[in-house]
Every structure is written in structure tokens, then in C-alpha cells.
Amino acid sequence: MLGAKPRYAHHAITTAGVAHDMDLQFTSEEEAFRLKVRSWLDENMPTSGLSDTREGRDDKTWLARAKAWQRRLYEAGYVALAWPKEYGGQAMDPVRQSIVNDEMVRAKAPYNVGASGLGMLGPTLISWGSEEQKQRYLPKILTAEEIWCQGYSEPGAGSDLASLKTRAEIVGDEFVVNGQKVWTSGAQYADMMFCLVRTDPEAPKHRGISYVLIDMHTPGITVRPLVQMTGDRGFNEVFFDNVRVPRKNLVAKLNEGWIVANATLFHERNMLGSASGSEQRFNRLLALAKSITRGGRPLTEDPVFRQRLVELEIRVEAIRFHALRQLTDQIRGKNPGVEAMINKLVGTELNHDLATAAMEAMGDYSMLARDDEAALDHAYWPYEWMFSLGLVIGGGTSHIQKNIIAERGLKMPKSR
Ligand SMILES: Cc1cc2nc3c(=O)[nH]c(=O)nc-3n(C[C@H](O)[C@H](O)[C@H](O)COP(=O)(O)OP(=O)(O)OC[C@H]3O[C@@H](n4cnc5c(N)ncnc54)[C@H](O)[C@@H]3O)c2cc1C
């Protein structure tokens, strides 16, 4: 989608048995807006100190810079453009936000440090939160004053999330929380957690779960970082030992958190599959292949690797059209369904396959890490290859997305 000229004004495609129309034409106002964003980014992008890897994310200097960058973007009008005005948004249609996202990827702009709040909790609170919760939390998500993390997974509850055991008992005006979360991204610097807790252990497992907002500075919370194969400490174990949470931090009704949890998961899956990210990675892979010589000629002229590149490009194009279709649906007010799962499944697997192709193209050079002068393409690919595998799992594995698409999209019988 990124700045490319749309090829058709209107098109119809069929996915999961449903026919869709889509608009592939940006208006002249939208194109003018794109140029405005592009020139703002050219002038305002931080030049150093915010690497595009997740390394050192618990470092205080990095955190302060990352928060300042999101705040600057917000003040320039480029964060959460579609949110309602009363909570700090601009009530614009989603096309503008998608243009900003594309341009940020194109410019290799640093990632928004408050992405979990912006992409997951914010939209959930807009639909499900009380007025008091919206007023209290949404503005600070926009400015990165409060960073959020997601407390869903537990040692015995990942794909089967409804088996979670972290217990919250009501004592007076408070919940008292005991238990453990795991794989909690960003918990080491988060101020708040949106968390799933069991409030009725006697009820069937999908009931009896509540959605609560927990201040990470409350006594009784211990955060232990876990080291990933990238070498980063991106996610954590979080332990709760008699942690007191005010009852007003409950989102929606007691024991009815499962439906709210799914609303957040929907937003997460949409966020994780990014069409413009895939397009950028493909262009980077192409440049790499052009620079590598095999048998006396560039890899792009090797018939076998060329075939592979074409197959990848076809997948990049497919997800680009999928993103345009989703955008059209959003503008027309259609409630998104399995499209978010398709996005997550296809986008994350494609990104990992792009990195795999780059690793194979580099051969022995793919073993060289960031600080090695002989590394190709600034050793971007080995890191990306490891990191992208995590995103195939995080937010629900590919198997789980396929199950949901089969059951809800294709109306196939349940797998179990
Ligand atoms: C980089 C990263 C960041 C993460 N960040 C967070 C976070 O911030 N907060 C959070 O709460 N969680 C986070 N997670 C956890 C993530 O949501 C879980 O890892 C994921 O849901 C899978 O759960 P699991 O690891 O327990 O694997 P399991 O559920 O044990 O799955 C193991 C394997 O079995 C397969 N499988 C399981 N059930 C089925 C089934 N019914 N049908 C077919 N196959 C099945 C899975 O696909 C997988 O291959 C993160 C994970 C990663 C990798």
C-alpha cells in the first residue's frame, strides 16, 4: 500500500467464502496528507539512541527517549487519529491512521513504546470501559505517560487461555490477586497491566474470568525478565503476592472478562500483521539479493532464488490487498471478523519466511552478529529471523489462528 499507485479503482475478491468490494484509490486529500506526514518525519525523526531492535528496552535512557518520541508524534497529531476527540483523538477515518503507519515504516521510524496501550487496551476501553476509566487512562496512553503490558498467558495457560489460574478474591472494595503470569512483554518498564484473573473458580472456565487494570507499582508484584534467543530481555515472568487492586479497576462486569479479553485479542492480531512492514522487508531482501553474487552473477539472476523471490512478492501483494480490503470495510462501518486472524497468520509467517530467505541468501554470513564488521546489511536479518519467529507464536500461534479461521470463517466443525 505504501505510496504505490493503486492499480484498480474498484475490485471484488472472495475470502473464506465471502465476496468483498474494496477501494484501492486514495483521494487527493489523502495523498496530500501522506506527503505532509512524510516531510514531518524527514524533519523530526530521531537520529540516534532508539535502535529498531528491542535490545536494552529496560534501559532508563532508552525509555525516556522512546516516551519523548511518542509524545512528539502525538503533539504533531500522528497518534491514534481515529480515537474520539473527547479522549484526545481526532475522530478521523482509519485511512489517515493507516497512512501514518505506512509512512512510519517507510521512514524506519522508531516503534511507539506505548503500542500495547495504543493498539490493544485503548480500543478495548473505548468499547468496554466506564466513563471514569476512559477519562483516567486514555489520555496518558496517547502521550506515553503510562506504558501498559498484557497479563494474559500463564505457565499452564497459553493457547488454552481460559485455563488461567491467577486468582482475584474480593475483600471489601478491593481484589486481592495471587498467581503468576509469563511471557509478559515490556512488564519490566510498564506502569500498568491489563490482566485476566479468575474471580469465580466454581464457574465453567470461560466464565468466572474478570478483566482488571493493575498498577505495576503496587506492593506484592515481582517482575523477572526472561532472555530470548535474540539476546533481548523483551518479556518477563510476573508474580502476584496478595496484590491489592481497587474494585473500580474492573473493566465491564465481574466474571464476564472473557468477551473483553477477546476484544483485546482481536485488536492485537490486527496490529501484529502489518502489510507495509512486509513490503519494506521484501524490498530490503531484494536489495540484499542484488548485492550478493553466486556463480558470477547477482542472486536475483539465479533462477531458483528468483522463483523464491517471486513467490514471496506474490504473498506480499496478497497481504497488501487484504489490508486495503480491511480498510474499506472499516470505512464502511463493517464489523471486522476473521480478517484480523488472517492478518496475523499471513503477516507474521510471511515476515519470518522473508527473513529465512535472506538468511539462506547470506549463507555463512548469516552467522555474523550486530557488532561484526563483516556482517551483511548491518546484521539486520539474523536478529529479524529470530524476532519474527516470536511473533508467529505471540498473540496466539498460527495453529490457533487457523482453527479460528476454519471454525468462524469457513464454518468447519470444531477441531476438538
Ligand atoms: C514474543 C512473544 C511475546 C509475547 N508477549 C506476551 C504478552 O505480552 N502477554 C501475554 O500474556 N502473553 C505473551 N506471549 C505469550 C503468547 O501469547 C503464548 O506464547 C501463545 O499464546 C502460545 O501459548 P504457549 O506458549 O503456552 O504455547 P502452547 O499453548 O503450550 O502451545 C504449544 C504448541 O501447541 C500448539 N497448540 C496448542 N493448542 C492447540 C490447538 N488447540 N490446536 C492446534 N495446535 C495447538 C500451539 O500452536 C503450539 O505450537 C508472548 C509470546 C511471545 C513468543
Side-chain angles (χ1 to χ4, degrees), residues 53-55 57-58 111 113-121 124 147-166 177 179-198 205-206 209 211-214 216 221 223-240 257-258 260-269 271-273 340-341 344-345 347-349 351-352 355 383-408 412-416:
T53 72
R54 276 76 182 160
E55 190 182 35
R57 285 203 152 198
D58 41 358
Y111 190 75
V113 61
S116 296
L118 290 170
M120 293 158 67
L121 180 71
T124 306
I147 304 295
W148 287 79
C149 63
Q150 177 187 33
Y152 276 30
S153 307
E154 297 182 5
S159 301
D160 184 13
L161 183 59
S163 294
L164 63 95
K165 290 197 169 62
T166 294
V177 181
Q180 186 201 337
K181 297 290 170 182
V182 72
W183 320 125
T184 320
S185 303
Q188 71 273 39
Y189 54 79
D191 303 291
M192 298 289 301
M193 171 189 278
F194 48 97
C195 185
L196 298 182
V197 290
R198 188 155 300 282
K205 67 178 183 179
H206 291 86
I209 291 175
Y211 193 108
V212 292
L213 310 176
I214 301 181
M216 292 294 285
I221 298 181
V223 177
R224 273 200 221 144
L226 293 165
V227 180
Q228 290 163 262
M229 67 174 164
T230 51
D232 298 348
R233 283 172 293 158
F235 49 37
N236 305 268
E237 295 176 300
V238 181
F239 299 87
F240 301 93
W258 186 245
V260 190
N262 275 293
T264 306
L265 278 175
F266 163 80
H267 293 299
E268 178 177 19
R269 287 164 181 168
M271 184 174 80
L272 290 174
M341 286 65 180
K344 203 278 168 180
L345 171 69
T348 57
E349 291 201 342
N351 287 340
H352 187 61
Y383 181 89
E384 175 59 23
W385 183 73
M386 291 185 277
F387 185 77
S388 59
L389 184 59
L391 295 190
V392 173
I393 300 166
T397 66
S398 287
H399 303 127
I400 297 303
Q401 307 312 311
K402 283 178 186 166
N403 282 348
I404 300 172
I405 294 164
E407 287 164 20
R408 291 193 214 151
M412 289 169 76
K414 279 193 178 293
S415 66
R416 62 201 124 76

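Since the model is a prediction, treat every value here as computed from it, not as a measurement. Counting starts at 1 for both ligands and their atoms, in listed order. Starting from 1, each residue takes its place in the sequence as its number.
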Check the side chains of Glu349 and Ser398 for a donor-acceptor pair under 3.5 angstrom, ignoring hydrogens and angles.
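Indeed, the side chains of Ser398 and Glu349 share at least one donor-acceptor pair under 3.5 Å.
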Which of the numbered atoms in ligand 1 are under 4.0 angstrom from any heavy atom belonging to [X]?
X	value
Ile400	38 (N), 39 (C), 40 (C), 41 (N)
Phe235	1 (C), 2 (C), 3 (C), 52 (C)
Asn403	40 (C), 41 (N), 42 (N), 43 (C)
Tyr152	11 (O)
Thr397	22 (C), 46 (C), 47 (O)

Of the non-hydrogen atoms in Val182 and Gln180, which two are nearest, and what is the gap between them?
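What the structure gives for the nearest pair is CB-NE2, 4.2 Å.
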Considering both backbone and side-chain atoms of [X], is one of its nitrogen or oxygen atoms within less than 3.5 Å of a nitrogen or oxygen in ligand 1?
X	value
Trp183	yes
Thr184	no
Asp160	no

Side-chain donor or acceptor of Gln401 paired with backbone N/O of Gly396 under 3.5 Å:
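Checked: pair present.
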Counting distance only, does the side-chain N/O of Lys344 pair as donor-acceptor with the main-chain N or O of Val392 below 3.5 Å?
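Flag set: sc Lys344 to bb Val392 pair under 3.5 Å.
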Around atom CH2 of Trp385, are there more than 12 heavy atoms from other residues, nucleotides or ligands closer than 6.0 Å?
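Atom CH2 in Trp385 is not packed in, count stays at 12 or less.
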Can you tell me if Gly395 contacts ligand 1 (heavy atom of the residue under 4.0 Å from the ligand)?
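Judged by the 4.0 Å heavy-atom criterion, Gly395 does count as contacting ligand 1.
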For a side chain to side chain contact (heavy atoms under 4.5 Å, CB included) check, start with the C-alpha distance between Thr348 and His352, then their side-chain angles and the critical distance, and finish with the verdict.
CA-CA 6 Å; Thr348 57; His352 187 61; over 6 Å; no
Should the ring pair Tyr211 and Phe194 be called parallel, tilted or perpendicular, given that the plane angle runs from 0 to 90° and is split at 30 and 60?
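Tyr211 and Phe194: parallel rings.
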Measuring from atom 20 (C) of ligand 1, which candidate in Ile393, Val238, Asp232 has the nearest non-hydrogen atom?
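Selected option, by shortest heavy-atom distance: Ile393.
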